[in-house]
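Values in this document were obtained by computation on a predicted structure and should not be read as measured data. Along the sequence shown, residues carry numbers from 1. Side chains included, hydrogens not; waters and symmetry mates left out as well; all remaining heavy atoms used.
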Amino acid sequence: MIGSAAPTQEGAVARRRVPPAIPVAIGLSWALAVVTQVSGTEALLGHDALIHHRTMPLVAALAIFLLAWQAMIVSMMLPSSLPMIRMFGGAAAGQDRPGHAMVAFLGGYAVVWTAFGAAAFLGDAALHYTADRTPWLLAHPQVIGASVLALAGAFQFSSLKDRCLSECRQPGPFLMSRYGRGAGAAFRLGSAHGRFCLGCCWALMLVMFAVGVAHLWWMAALTAVMVFEKRARHGATAVPWIGVILLALSASVLLQYPAWLPRLLAH
């Protein structure tokens, strides 16, 4: 229980802030996204380019993708988890090695999202394999992007989305029911938080595979959506409306109107 960590002045200070390295890492990951977008090199690390690299084994492509995926996790997922990170830092301040506990907590969180990234990459590779051998899909590439948007939109109305968002919006009770001292307990707590975070955001993150990982404007829009859903006062009210918008975008892509949107989403 969280009560096993005695409150201290250091803990009170930690509750008001996150470790400086975390906002710095978020800033640097966004700076990297801007640089790659401006320089036109973001496509080189995208899943499409890696999957279609004729001389690169799939395992090597997956390894390179997962390196780039870490920056995606930092830039897109950590901003919405800052309240949980802040509260954990305050609770862990009374431990003998609070820094080690924080690293373990973030490590557990990263493992969950890295596993999802690997599964999504391999699934996308299988989808590419199928699409490249299906004449109808080659002639109608917008169907894939429209389907991903429809999936993300439909998931906004699911009970799983609501349950996971509820856990993410209440970091205090979540922490109190699962907190323990030591790196092992911190890792388990971080992975538990990561699973609920994944549970409410996986469909939105799949949209990045439809538009191309590291596409700056989609990154910014989806990050804003996820942060708003988890942290804004009216986040719960916005969830179904975001679903309606995603379903409308799906229909627009399928109908190829406006003309630039299907091209943006085509694999």
Colleague: Considering non-hydrogen atoms only, spot the tightest contact between A154 and L247 and give its length.
Modeller: N-CD2, 4.0 Å
Colleague: Is there a path of hydrophobic side-chain contacts, each under 4.5 Å between heavy atoms of I, L, V, M, F, W or Y residues, that connects L122 with V112?
Modeller: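 Per the 4.5 Å side-chain linkage, L122 and V112 are co-clustered.
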Colleague: Centroid-to-centroid, F155 to W202, below 6.0 Å?
Modeller: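 They qualify: ring centres under 6.0 Å apart.
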Colleague: Looking at A101 and Q95, what are the two nearest heavy atoms and their distance?
Modeller: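 That would be CB-OE1, 3.7 Å.
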Colleague: With sequence neighbours excluded, tell me which residues meet side-chain contact (heavy atoms from CB on, under 4.5 Å) with Y129.
Modeller: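 If we apply the side-chain contact (heavy atoms from CB on, under 4.5 Å) test to Y129, skipping adjacent residues, the hits are R133.
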Colleague: What I'd like to find out is whether the side chain of R178 reaches to under 4.5 Å of the side chain of R188, using heavy atoms alone.
Modeller: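 Heavy-atom side-chain distance check fails, nothing below 4.5 Å.
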Colleague: So do the side chains of Q142 and L255 get within less than 4.5 Å of each other, counting heavy atoms only?
Modeller: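 No, too far: nothing below the 4.5 Å cut-off.
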Colleague: Rounded to the nearest 0.5 Å, what's the gap from CG on D124 to CE on M208? Could you check?
Modeller: 12.0 Å
Colleague: So does E229 pair up with K161, basic N to acidic O under 4.0 Å?
Modeller: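 Looking at K161 together with E229, the answer is yes, because their closest N to O distance falls below 4.0 Å.
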Colleague: Between OG of S147 and CG of L151, what distance do you get to the nearest 0.5 Å?
Modeller: 9.0 Å
Colleague: Quick one, L28 and V74 - any side-chain contact, counting heavy atoms below 4.5 Å?
Modeller: no
Colleague: Identify the heavy atoms of L66 and G117 that sit nearest to each other, and give their distance.
Modeller: CD2-C, 4.1 Å
Colleague: Do M77 and C201 touch side chain to side chain, with heavy atoms closer than 4.5 Å?
Modeller: yes
Colleague: How far does CG of L246 sit from CG of L222, to the nearest 0.5 angstrom?
Modeller: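 With rounding to 0.5 Å, CG (L246) is 8.0 Å from CG (L222).
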Colleague: Taking C-beta and beyond as the side chain, do P173 and Q170 meet within less than 4.5 Å on heavy atoms?
Modeller: yes
Colleague: Can I85 be reached from V111 by stepping across I, L, V, M, F, W or Y side chains whose heavy atoms are under 4.5 Å apart?
Modeller: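 Different hydrophobic clusters.
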Colleague: Just jot down the side-chain contact (heavy atoms from CB on, under 4.5 Å) partners of A238, sequence neighbours excluded, or say none.
Modeller: F228, I242
Colleague: For L62 and A118, which heavy atoms make the closest approach, and how far apart are they?
Modeller: CD1-CA, 4.0 Å
Colleague: Between Q156 (side chain) and V239 (backbone), is there a donor-acceptor pair under 3.5 Å?
Modeller: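 Answer holds: yes.
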Colleague: Can you give me the closest heavy-atom contact between L137 and A131, atom names plus distance?
Modeller: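 Scanning both residues completely, I find the closest heavy atoms to be CD1-CA, 3.9 Å.
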Colleague: Any idea which heavy atoms bring S75 and P79 closest together, and the distance?
Modeller: O-CG, 3.3 Å
Colleague: Are F187 and V103 side-chain neighbours, meaning at least one heavy-atom pair lies under 4.5 Å?
Modeller: no
Colleague: Any side-chain donor-acceptor pair under 3.5 Å between Y109 and S81?
Modeller: yes
Colleague: To the closest 0.5 Å, what do you measure between CG (L149) and CD1 (I245)?
Modeller: 12.0 Å
Colleague: Any link between W69 and I26 through a network of hydrophobic side chains (Ile, Leu, Val, Met, Phe, Trp, Tyr) touching at under 4.5 Å?
Modeller: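 Yes, W69 and I26 fall within the same hydrophobic cluster.
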Colleague: Among the clusters formed by ILVMFWY side chains lying less than 4.5 Å apart, do M76 and L206 turn up in the same one?
Modeller: yes
Colleague: Working to the nearest 0.5 angstrom, can you tell me the gap between W113 CH2 and R195 CZ?
Modeller: 13.5 Å
Colleague: State, yes or no, whether a side-chain contact exists between L216 and W30 at a heavy-atom distance under 4.5 Å.
Modeller: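 They are in contact (side-chain heavy atoms under 4.5 Å apart), so the answer is yes.
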Colleague: Between S166 (side chain) and D162 (backbone), is there a donor-acceptor pair under 3.5 Å?
Modeller: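 No, because the side chain of S166 does not come within donor-acceptor range (under 3.5 Å) of the backbone of D162.
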Colleague: Parallel, tilted or perpendicular, judged at 30° and 60°: which one describes the rings of H193 and F105?
Modeller: parallel
Colleague: Under 6.0 Å from the CH2 atom of W136, do we count more than 12 heavy atoms belonging to anything else shown?
Modeller: yes
Colleague: Can any side-chain N or O of S250 pair as donor or acceptor with the backbone N or O of A146 at less than 3.5 Å?
Modeller: yes
Colleague: Under a single-linkage definition using a 4.5 Å side-chain heavy-atom cutoff for Ile, Leu, Val, Met, Phe, Trp and Tyr, are L198 and F121 assigned to the same hydrophobic cluster?
Modeller: yes
Colleague: Do V143 and V253 have side chains that get closer than 4.5 Å, going by heavy atoms?
Modeller: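 Not touching, per the 4.5 Å side-chain cut-off.
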Colleague: Just verifying a value: how many Å separate K230 NZ and S80 OG, rounded to the nearest 0.5 Å?
Modeller: 3.0 Å
